[in-house]
*Asks:* 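I have a structure I would like to understand better, so I am pasting it below and will then ask my questions one at a time.
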Amino acid sequence: MKNIAASIAISALAATGVEAQEERRRVAPPAVYTVAPGLGHFTDDVLFGEVWVRTDLAPRDRSLVTLSAIVSTGKNEQIAAHVSRALDNDVKPGEIGELITHLAFYSGWPNAISAVTETEKIFDERQIAPLSNSEATRIKLEVAAEATRKATVDAAVAPTAAALADLTNRVLFGDLWQRPDLSARDRSLVTMAALIAVGQPEQLPFHANRAMDNGLTQSEASEILTHVAFYSGWPRAMSAVPVLKKVFENRNGIEMSAPQANITITPAGSSAAPAPAEYFTGSVHISARYQADAPARIGGATVSFSAGARTAWHTHPLGQTLFIVSGRGWVQKEGEPIQQVGPGDVVWIPPLIRHWHGASPSEPMSHFAVAEALDGSAVTWMEKVSDEDYAKGAAE
């Protein structure tokens with residue numbers, strides 16, 4: 001009987017130990033198991049038992065991604081717990097504060113202010129002293145990339161919302177993105193997570209490319225999608241998949257295909273043909289037309305205008321460059337006087353600027369035109385330049 005009792009006691013102790021271990025492993029509150037036991041299972045066994053331990057993202061990065069998702073979507077009741085976890089995962093208090101500051105611009109001030117209130121509770125519990133701005137050297141953004149970004153904002157935003165364009169250039173990228181309180185890589189990671197969480201995948205290509213330029217790997221970018229799916233839902237993560245897939249393909253194509261590419265020569269005058277009458281006025285011929293192979297988006301041709309011939313009004317999503325080969329030509333931006341161009345002149349037309357170009361009334365003109373395509377389109381054609389407007393320009 002004593003042996004049986006001892007065996008029962010040992011079994012009971014063993015069972016108690018297993019149960020205690022199971023309790024310690026649980027992250028989901030007891031109420032979850034009472035109301036939704038399936039949710040408890042997925043929380044403990046999948047989200048925290050599998051996803052959070054995957055090595056594709058460091059625990060510190062997962063905390064940054066999680067905070068970005070819940071702050072940007074206003075899940076205030078979840079913030080305190082994840083701020084605590086972030087601190088345990090070696091995210092610095094100043095980095096948490098700067099994450100909230102950054103997301104004020106990407107998800108709105110109300111979300112950020114609410115996050116401050118919840119975060120302060122944890123800072124007080126842990127006796128974290130009030131923060132101040134970092135005095136480290138400000139982050140320098142890549143000059144050429146910034147010039148391209150600014151040109152796009154000036155062309156696409158400023159005509160409709162000049163103040164928004166100014167604040168974008170001067171404050172968002174001229175100040176916030178250069179603050180050293182959060183590294184350039186981490187700012188990109190935070191921005192990507194927030195854009196996916198709030199369902200704005202159309203903004204993702206620019207920031208995903210910037211993230212990988214700032215040191216984020218493709219596997220880490222993929223894991224951001226996986227992680228955010230649990231905190232903002234599968235539909236938003238799935239909507240971002242094709243966008244990120246295209247970014248990866250473009251970057252991999254540049255890296256993998258460039259060494260194998262062949263040099264192509266398009267002979268002068270080859271494939272000469274009349275220009276489409278619906279887009280041109282007068283006698284115009286296009287020759288030496290080319291289109292670069294993917295992933296490059298650039299294309300061009302030599303265009304020859306007889307005296308008085310010209311294009312219709314049009315725009316280019318990513319701008320256009322003209323090199324004047326011969327003759328005397330005209331270029332006009334809508335609302336501004338005609339400008340005259342001649343051999344050797346190079347004309348840059350910014351993105352989305354409504355304009356036309358062609359020959360002067362007395363001389364033919366040839367130019368070589370180059371433009372990049374956006375989503376397969378390099379030009380948007382509009383109405384023709386009337387004879388009256390052309391004559392008016394000549395008179396002026």
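Since the model is a prediction, treat every value here as computed from it, not as a measurement. The residues of the chain are indexed from 1 along the displayed sequence.
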*Asks:* Do the ring planes of Trp177 and Tyr106 sit parallel (below 30°), tilted (30 to 60°) or perpendicular (above 60°)?
*Replies:* perpendicular

*Asks:* Applying ring pair (Phe, Tyr, Trp, His ring centres under 6.0 Å), can you list everything that pairs with Tyr279, at least two apart in sequence or on another chain?
*Replies:* Trp381

*Asks:* Among residues two or more places apart or on two chains, list those pairs meeting ring-ring contact (aromatic ring centres under 6.0 Å, His included) that have a residue in residues 111-145.
*Replies:* none

*Asks:* Is any side-chain heavy atom of Phe48 closer than 4.5 Å to one of Thr43?
*Replies:* yes

*Asks:* What's the spacing between His357 NE2 and Gln332 CD if we round to 0.5 Å?
*Replies:* 12.0 Å

*Asks:* What pairs with Lys333 under salt bridge (Lys or Arg N to Asp or Glu O under 4.0 Å), at least two apart in sequence or on another chain?
*Replies:* Glu336

*Asks:* Specify the closest pair of heavy atoms between Ala155 and Pro351, including all atoms of both residues, with the distance to one decimal.
*Replies:* CB-O, 2.8 Å

*Asks:* Determine yes or no for a side-chain-to-main-chain donor-acceptor pair under 3.5 angstrom, with Asp181 supplying the side chain and Ser134 the backbone.
*Replies:* yes

*Asks:* Roughly how far, to the nearest 0.5 Å, is the CG atom of Leu64 from the CZ atom of Arg185?
*Replies:* 8.0 Å

*Asks:* Distance from Ser68 atom OG to Met192 atom CE, nearest 0.5 Å?
*Replies:* 11.0 Å

*Asks:* Please answer: with hydrophobic residues joined when any side-chain heavy atoms are less than 4.5 Å apart, are Met365 and Trp330 in the same cluster?
*Replies:* no

*Asks:* Ignoring hydrogens and angles, tell me if any N or O in the side chain of Ser72 forms a donor-acceptor pair with the backbone of Ala69 under 3.5 Å.
*Replies:* yes

*Asks:* For residues Ala221 and Leu244, report the shortest heavy-atom separation together with the two atoms involved.
*Replies:* O-CD2, 3.8 Å

*Asks:* Does Tyr33 reach the main-chain N or O of Gly40 with its side chain, forming a donor-acceptor pair under 3.5 Å?
*Replies:* yes

*Asks:* With heavy-atom distances below 4.5 Å as the criterion, would you say the side chains of Leu141 and Arg210 are in contact?
*Replies:* yes

*Asks:* Considering residues at least two apart in sequence or located in another chain, which fulfil the salt bridge (Lys or Arg N to Asp or Glu O under 4.0 Å) criterion with Asp175?
*Replies:* Arg138

*Asks:* Which residues pass the salt bridge (Lys or Arg N to Asp or Glu O under 4.0 Å) test with Asp389, not counting sequence neighbours?
*Replies:* none

*Asks:* Same cluster or not: Phe105 versus Val198, using hydrophobic residues (I, L, V, M, F, W, Y) connected whenever any side-chain heavy atoms lie under 4.5 Å apart?
*Replies:* no

*Asks:* Anything under 3.5 Å between a donor and an acceptor, one on a side chain of residues 157-174, the other on a protein residue two or more places apart or in another chain? List them.
*Replies:*
| residue | atom | partner | partner atom | Å |
| --- | --- | --- | --- | --- |
| Asp166 | OD1 | Arg170 | NE | 3.3 |
| Asp166 | OD2 | Arg170 | NE | 3.2 |
| Asp166 | OD2 | Arg170 | NH2 | 2.8 |
| Thr168 | OG1 | Leu164 | O | 2.7 |
| Asn169 | OD1 | Arg149 | NH1 | 2.9 |
| Asn169 | OD1 | Arg149 | NH2 | 3.3 |
| Asn169 | ND2 | Asp154 | OD1 | 3.1 |
| Asn169 | ND2 | Ala165 | O | 3.3 |

*Asks:* Could you pull out every donor-acceptor pair under 3.5 Å between side chains of residues 282-291 and any protein atom, sequence neighbours left out?
*Replies:*
| residue | atom | partner | partner atom | Å |
| --- | --- | --- | --- | --- |
| Gln291 | NE2 | Ile298 | O | 3.0 |

*Asks:* Please report the shortest heavy-atom distance between Leu374 and Arg297, naming the atom on each side.
*Replies:* CD1-NH1, 4.4 Å

*Asks:* Where the side chain of Asn250 meets the backbone of Val247, is there a donor-acceptor pair that is under 3.5 Å apart?
*Replies:* no

*Asks:* Regarding Lys246 and Glu202, does a basic nitrogen lie under 4.0 Å from an acidic carboxylate oxygen?
*Replies:* no

*Asks:* Does the distance from a Lys or Arg side-chain N to an Asp or Glu carboxylate O, for Arg54 and Glu50, drop under 4.0 Å?
*Replies:* no

*Asks:* Examine Val379 and Val331 and state if one hydrophobic cluster contains both, with Ile, Leu, Val, Met, Phe, Trp and Tyr joined whenever side-chain heavy atoms are less than 4.5 Å apart.
*Replies:* yes

*Asks:* If you measure from CD on Glu98 to CG on Leu182, what distance do you get to the nearest 0.5 Å?
*Replies:* 6.0 Å

*Asks:* Does Lys384 reach the main-chain N or O of Phe280 with its side chain, forming a donor-acceptor pair under 3.5 Å?
*Replies:* yes

*Asks:* Look only at the side chain of Asn111 and the backbone of Ser107, and say whether a donor-acceptor pair between them is shorter than 3.5 Å.
*Replies:* yes

*Asks:* Side-chain heavy atoms under 4.5 angstrom apart, residues restricted to Ile, Leu, Val, Met, Phe, Trp, Tyr: same cluster for Val91 and Leu131?
*Replies:* yes

*Asks:* Look up atom CG in Asp61 and atom CD1 in Ile224, then write down how far apart they are to the nearest 0.5 Å.
*Replies:* 7.5 Å

*Asks:* Once the angle between the rings of His355 and His316 is folded into 0 to 90°, is it parallel (under 30°), tilted (30 to 60°) or perpendicular (over 60°)?
*Replies:* tilted

*Asks:* Which residues satisfy the salt bridge (Lys or Arg N to Asp or Glu O under 4.0 Å) test with Lys92, sequence neighbours excluded?
*Replies:* none

*Asks:* Side chain to side chain contact (heavy atoms under 4.5 Å, CB included) with Ala184: which residues, sequence neighbours excluded?
*Replies:* Ile139, Asn214

*Asks:* Can you tell me if Gln200 uses its side chain to pair, donor with acceptor, with the backbone of Gln203 under 3.5 Å?
*Replies:* no

*Asks:* Tell me, please, which residues at least two apart from Phe323 pass ring pair (Phe, Tyr, Trp, His ring centres under 6.0 Å).
*Replies:* none

*Asks:* Is the backbone N or O of Thr217 less than 3.5 Å from a side-chain atom of Glu220, with the two atoms forming a donor-acceptor pair by type?
*Replies:* yes

*Asks:* Show me, pair by pair, the donor-acceptor contacts under 3.5 angstrom made by side chains of residues 234-242, not counting sequence neighbours?
*Replies:*
| residue | atom | partner | partner atom | Å |
| --- | --- | --- | --- | --- |
| Arg236 | NH1 | Ala197 | O | 2.6 |
| Ser239 | OG | Pro235 | O | 2.9 |

*Asks:* Are any of the side-chain nitrogens in Arg251 or Asp213 under 4.0 Å away from the carboxylate oxygens of its partner?
*Replies:* yes

*Asks:* Using 0.5 Å steps for rounding, measure from the CD atom of Glu77 to the CD1 atom of Ile70.
*Replies:* 8.5 Å

*Asks:* Any non-hydrogen side-chain atom of Thr226 less than 4.5 Å from a side-chain atom of Glu223?
*Replies:* yes

*Asks:* Applying salt bridge (charged side-chain N to carboxylate O under 4.0 Å, His left out), which residue pairs with at least one partner in residues 301-321 are found, sequence neighbours left out?
*Replies:* Arg310-Asp387

*Asks:* Any chance you could lay out the salt bridge (charged side-chain N to carboxylate O under 4.0 Å, His left out) test for Lys245 and Glu249, step after step, and finish with the verdict?
*Replies:* CA-CA 6 Å; Lys245 175 177 180 286; Glu249 288 174 347; 2.6 Å; yes

*Asks:* So, Lys140 and Glu146, do they make that salt bridge, N to O below 4.0 Å?
*Replies:* no

*Asks:* Would you say Leu204 and Leu103 are hydrophobically clustered, going by side-chain heavy atoms of ILVMFWY under 4.5 Å?
*Replies:* yes

